[in-house]
Each structure stands twice: as C-alpha cells, then as structure tokens.
A.B. asks: 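Before I ask anything, here is the structure I am working with.
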Amino acid sequence: MNKFEQLGLNESLLLAIKDLGFENPSEVQEKAIPVLLEQNTDLVALAQTGTGKTAAFGFPLIQKIDAEDRSTQALILSPTRELCLQITNEIKQYSKYVKGLHTVAVYGGASITDQAREIKRGAQVIVATPGRMQDMINRGLVNIKNINFCILDEADEMLNMGFYDDIVSILSDTPDEKKTWLFSATMPAEVARIAKKFMADPVEITVGHKNSGSATVSHEFYCVNARDRYEALKRLADANPDIFSVVFCRTKRDTQAVAEKLIEDGYSAAALHGDLSQAQRDGVMKSFRGRQIQMLVATDVAARGIDVDNITHVVNYQLPDEIETYNHRSGRTGRAGKLGTSIVIITKSELRKISSIERIIQQKFQEKTIPSGIEICEIQLLHLANKIKDTEVDHEIDNYLSAINEVLDGLSKEELIKKMVSVEFNRFISYYKKKRDISGESGGERSERSSEPREIRAGDPVRYFVNIGSRDDFDWMQLKDFLKDTLDLGRDDVFKVDVKEGFSFFNTDGEHTDKVMSILNGYDMNGRRINVEISKNDGGSRERRDHNGRSGGGFRGDRNSGGERRSSGSGSFGPRKEGGFRSERSSAPRESGFRSERSSSSDRPRREGGFNRDNAAPKREPGSFQREERAPRRSEGSSDKPAGRSFEAAKSRRPRKS
C-alpha cells in the first residue's frame with residue numbers, strides 16, 4: 001500500500017499526518033485522495049463506517065482551499081451534531097499547519113448567533129447539520145452561493161433521517177459549477193437520486209462490495225424469549241468482563257429504560273438519545289471516551305457520530321427496521337483494522353431477519369446460546385484470578401504487612417486464596433445459582449445443566465478449560481490447530497473453541513477425554529505449563545444449526561412507543577415489531593449515572609455496590625472494563641477461514657510475560 005507522501009499531499013498535511021501517527025492510508029483514502037487531487041471532478045465513494053472517510057475527503061479539500069481567501073469555499077454536511085463536531089475537530093487537526101484556514105461547526109442545540117458570528121469572521125470550511133444549515137440560509141446568516149466544494153458525509157444516513165428536502169434545498173442554493181463529493185456506507189435509491197440530480201459524471205469508488213459489512217467485524221445472534229431480552233443482555237455483559245460496548249435500542253423510551261436498569265443493577269452505563277440536551281450529550285460522550293462508561297445505550301440517530309477507539313462489542317438489543325441501519329451499527333466496532341463483534345438479541349419470530357441481513361452484508365452470523373450462570377461464574381472467577389495476578393504492587397503497602405499478617409495468621413495458602421477470591425466471586429455465584437437458564441427456553445441447543453460433575457460417555461461432548469488464550473497470541477483457529485496437532489485429532493474432533501484473554505474453552509467428544517487430560521496437563525509450551533480442566537458445562541451440542549432453514553414465522557406489524565406505524569421501504573425488514581423490554585415510565589431526559597429513585601418491580605435483586613449483600617446481583621467495578629489495546633476475543637465460527645499466522649508460528653511463539 002502507498003505511503004501518504006506518495007499520494008501527492010503537500011508538506012503541511014504530511015506534517016499533520018505525522019503528528020497524528022498515521023503511517024499507511026486506508027483503502028478508501030488510497031483510492032480517493034489521488035483522484036480528488038489530480039482531477040476536478042465529482043465523486044461518489046462507498047465505504048463502511050470506520051474506514052477513514054473523513055481523511056479521504058479532508059486531506060484533498062484542505063490542499064485545494066485558498067487559505068488567503070477568507071470567504072466560504074467548502075460546505076460539509078453531516079447527519080448529527082456529534083458527527084458534525086467530530087469532523088470539525090478532525091479538519092482542524094489536519095489543517096494545523098495551514099496558516100489562516102478556519103473551520104466552523106454549525107449545528108442545532110447551540111447559539112445560532114454565535115455560529116453566524118464565527119462564519120462572518122471568516123470560515124473557509126463550514127461543517128453543518130442539514131436542519132441548522134437550512135435555518136441559517138433562510139435567515140440570511142450564511143452565503144454558500146460561491147462555494148467550490150460540497151461534501152455529503154454519511155449521505156445514506158442523512159436521507160434515512162428525513163433530510164432529503166433540506167439537502168435538495170441546500171444544494172440548490174450552491175453554484176452549479178461546484179464539485180460535489182458524496183461519501184456513504186450504502187447506496188439506497190434516494191442517495192442515487194441526489195447523485196443523479198446534483199452531480200455530473202461522478203467518479204465512483206467502492207471499498208469492498210456495495211452495502212457489505214466490514215471484514216473486521218464478526219456477527220453473532222442469540223435467540224431468547226422476549227421477556228428474557230434484558231436478562232440476556234446482562235449475561236452477555238457478565239460473560240465478557242472487559243466489554244466496552246454500544247447497545248442499540250429502537251426508541252428513546254427503550255434506550256432510557258434499559259440504561260436506567262443497567263445503572264440500577266450496578267453496571268457502568270448511560271443513555272444517549274435525542275431528548276438529552278447538548279450539554280448532557282457532550283457529558284455522556286466525554287465519559288464514554290474516557291471509559292468511565294462501559295455500556296453506552298443509544299438510539300441510531302444519537303449514535304451516528306460515535307467514533308471511539310477500541311469498542312469491543314456492538315449489541316443490537318433490538319434489530320433496526322432497515323437493513324442498512326444494521327450496517328451502520330456494526331460499523332461502530334472493528335475500526336482502524338481492529339477486530340470487533342456485533343451481537344444481536346432476537347426472538348424466534350425475528351429469525352428470518354438474520355437471513356435478510358446476511359444477504360445484504362454478505363457475511364454469515366454465528367448462532368450462539370446465552371451463557372449459563374455456571375459458565376459466567378467460571379469466566380468471572382478466572383478473570384478475577386488474572387486480574388489479581390496482573391495487579392502491580394504499590395510498595396507503600398509494605399508498611400502495613402505486619403498488621404495484615406497478624407489478621408491472616410493461621411490461614412493456609414489455599415484457604416487465603418479461596419477467601420480472597422470469594423470476596424468478589426461470592427456475589428456472582430449467589431446471584432446466578434438462583435437464576436434459571438434462559439438459553440434452553442428459546443429453542444436453543446442447551447438446557448440447564450447441573451453444577452454437579454456429570455458422567456462422561458463416549459458420544460457426549462465434553463467442554464474443557466485451558467489456561468492459554470489471546471494473551472499468548474492465539475485466536476480460535478490457531479488454538480484449534482494447536483490442539484488437533486498436539487492431540488493428534490482430526491479437524492472435526494475439536495470444536496466450539498472460544499478464546500478469552502488469559503484462558504480458553506474447547507470441546508471434544510467424550511472418547512477423547514483421557515487423551516486430552518493426559519497429554520495437555522503439564523504440557524510445556526516454551527516454558528509455559530499448560531493446565532486443562534473439565535468444565536461443569538458441556539458447551540452444547542457439536543451440531544452447528546442452520547438457522548437459514550428454520551421457519552421463523554411472519555412479521556406482524558405493531559405500533560412503536562410513539563404510537564406511529566412505520567412503513568417499510570426498499571431494503572426494510574417489513575413492518576416493525578416492538579420487542580423486548582418495555583417501560584411505562586416517562587422518557588424525560590436525565591443525566592447519565594444517576595440512580596433512579598423508583599423501586600424495582602422485578603424479582604432481580606437491586607445492586608447497591610456492597611460486597612456483603614448475599615442476594616445482590618454482581619456489581620461491575622468502575623474500572624473493570626479497562627482493556628489493553630488488543631484484538632477482541634474471537635470464537636469459532638461456522639466457516640473455517642485460514643488463520644493469519646501458521647500453526648507452527650503460534651506453537652513456537654513465546655507467551656507474554658505477566
């Protein structure tokens with residue numbers, strides 16, 4: 001791939017790029033930048049969210065702007081306030097070495113007078129939302145009749161939000177000879193109409209396939225009963241202790257309700273939707289970027305401007321009505337070449353929607369079952385053990401060791417470890433041992449398992465815990481190759497491989513149990529002793545179910561929380577069905593992080609944050625979601641794609657020091 005200096009960018013831009021730490025251009029940047037610099041043309045660029053589209057149009061735009069001319073030369077339209085501010089900040093960073101170039105953000109929720117004053121002082125680039133821009137044009141506060149460039153960013157989303165008339169009106173107020181650059185993740189009919197009406201023989205650039213999903217995002221779905229949707233969300237969060245996620249709901253009411261319940265249950269969560277003031281939204285996003293918030297519950301519109309590094313999961317608490325919207329949601333993770341996971345929580349009646357999404361994004365979903373309480377406790381226990389092991393010791397504690405030794409005198413090493421771990425682990429086990437297994441009731445593969453050891457028979461699947469994982473540079477394919485080679489098993493004899501940070505799970509048939517335990521236990525991998533244990537759960541059947549062949553029933557129309565029936569357009573799922581958690585409470589905006597004063601009507605114990613409440617659901621530590629910059633954990637999928645590195649390389653690499 002070409003370096004930035006080979007794309008024709010000038011010295012001031014290259015200095016800014018160096019400061020930002022960019023080394024290689026993304027595919028859309030590599031394709032778009034030379035075209036926009038060398039040709040005076042209109043452009044249509046189709047690329048997924050998170051592929052670097054802002055730099056793809058920002059770099060050539062800055063190079064073509066005349067910084068000595070203080071008149072407005074370029075207009076960038078974006079769908080939301082957050083994205084408008086994000087683009088503005090990025091353009092300012094790119095142009096930091098271009099003297100005299102000024103960029104102004106124009107959006108609703110802020111003083112229109114102040115924005116007009118900033119433009120009047122001289123703004124070569126205006127970044128605006130369509131509604132506020134149209135308002136300023138109507139008031140005569142801005143003049144765009146002589147601009148040279150107009151950029152439509154996230155064009156499909158702007159049109160999906162109902163800005164078609166505003167965009168047509170704004171573009172009609174610009175000169176015919178301007179150049180229009182349209183950037184979009186998908187190409188619905190309305191975007192094509194805009195391009196045909198306002199663009200002349202545009203160059204088209206496509207990264208991947210039209211409307212396709214990002215290759216760095218894996219897709220999973222969990223089928224549950226509608227009444228268990230919230231409980232499923234909680235279990236998925238508990239099964240991924242380092243989760244840093246965006247949870248999508250359809251409506252503002254559901255967004256607020258789910259966020260409030262998560263906060264009450266001790267999770268670090270907040271809501272982001274259109275009923276929040278601009279100050280509230282800015283505060284929520286600041287906390288999320290700073291990772292004080294672990295689970296951001298958002299509507300599609302409000303989340304459009306989210307560009308946060310290292311989001312590990314996108315959770316579709318409810319599926320959107322439009323297939324293209326799912327593509328935008330999943331694009332919140334797996335950005336900048338990193339891996340991410342998009343999770344969908346659905347009911348049986350929604351199964352056909354999965355097939356519809358698969359056809360559009362040209363990727364397959366992996367069907368999974370909600371982890372049982374015992375599985376979650378097992379994951380949390382090992383996560384806690386790794387957290388203790390990796391904790392750096394502040395030697396100020398040495399002053400108190402004598403007093404601590406007196407208190408703990410008489411305890412053996414084993415007793416001390418049990419008590420130390422139980423301080424936190426007891427809260428999980430006391431909560432989940434009283435909970436039913438919600439996966440078996442949805443027609444999934446697993447039913448509730450006893451926590452007692454079970455008899456192992458030759459044909460039964462056996463699930464194992466092994467103390468190596470992603471920190472040893474294994475992904476699921478590399479670990480599977482390592483296991484089948486070391487154990488001398490066939491490719492299909494090792495299945496359901498699930499790689500976590502410091503440990504992993506895998507399955508074999510019961511007939512291989514003796515071989516697994518005898519060969520792997522004590523196995524020396526470059527000085528690292530491997531330990532294997534049989535899990536209390538078998539991980540489910542080895543059969544991979546074909547959800548495409550299942551009858552999921554039809555889609556019934558229903559009313560949304562606002563009382564309006566939404567019509568289905570091209571590319572939609574059909575009439576929407578409101579599913580999952582419903583709240584009768586007011587959806588009035590409230591600041592993130594405040595506990596609700598209402599009493600909980602569910603039988604789920606309220607989490608107060610203490611360690612000594614026996615009936616309380618496990619409370620998430622505020623810092624528990626902090627994670628190192630490593631690829632998210634990946635599980636075995638339904639197709640065997642070649643691993644990025646060979647098995648021999650994985651086998652011989654040295655484990656990371658703790």
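Below, all heavy atoms of this structure are taken into account, side chains as well, without hydrogens, waters or symmetry copies. Worth saying up front: this structure is predicted, and the values here are computed from it rather than measured.
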A.B. asks: With sequence neighbours left out, write down each residue that passes side-chain contact (heavy atoms from CB on, under 4.5 Å) with Leu20, or none if nothing qualifies.
C.D. replies: Phe22, Gln93, Tyr94

A.B. asks: Do Asp135 and Arg139 pass the salt bridge (Lys or Arg N to Asp or Glu O under 4.0 Å) test, and can you show the C-alpha distance, the side-chain angles, and the key distance before you say yes or no?
C.D. replies: CA-CA 6 Å; Asp135 191 11; Arg139 298 190 189 192; 3.2 Å; yes

A.B. asks: When rounded to the nearest 0.5 angstrom, what is the spacing between OG in Ser268 and CD1 in Ile243?
C.D. replies: 12.0 Å

A.B. asks: In plain terms, say whether Lys261 and Glu264 are close enough for a salt bridge, that is, a side-chain N and a carboxylate O under 4.0 Å apart.
C.D. replies: no

A.B. asks: Taking Arg250 for the side chain and Leu319 for the main chain, is one N or O donor matched with an acceptor at less than 3.5 Å?
C.D. replies: yes

A.B. asks: Is it true that Phe365 and Tyr326 have ring centroids separated by less than 6.0 Å?
C.D. replies: yes

A.B. asks: If the threshold is 4.0 Å, N to carboxylate O, is there a salt bridge linking Lys53 and Asp153?
C.D. replies: no

A.B. asks: For residues Phe288 and Phe244, establish whether the separation of their ring centroids is below 6.0 Å.
C.D. replies: yes

A.B. asks: Does the pair Gln124 and Thr72 meet the rule for a side chain to side chain contact (heavy atoms under 4.5 Å, CB included), with working shown?
C.D. replies: CA-CA 4 Å; Gln124 292 92 342; Thr72 300; over 6 Å; no

A.B. asks: State whether a side-chain donor-acceptor pair under 3.5 Å links Asp238 with Gln380.
C.D. replies: no

A.B. asks: Ring centres of Phe183 and Phe57 under 6.0 Å apart?
C.D. replies: yes

A.B. asks: Check step by step if salt bridge (Lys or Arg N to Asp or Glu O under 4.0 Å) holds for Arg229 and Glu350.
C.D. replies: CA-CA 13 Å; Arg229 197 182 294 262; Glu350 299 174 300; 3.6 Å; yes

A.B. asks: What do the steps show when you test Asp114 against Arg117 for salt bridge (Lys or Arg N to Asp or Glu O under 4.0 Å), and what is the final call?
C.D. replies: CA-CA 5 Å; Asp114 292 344; Arg117 188 181 300 115; 2.8 Å; yes

A.B. asks: Output the distance between atom CD (Glu231) and atom CG (Asn225), rounded to the nearest 0.5 Å.
C.D. replies: 12.5 Å

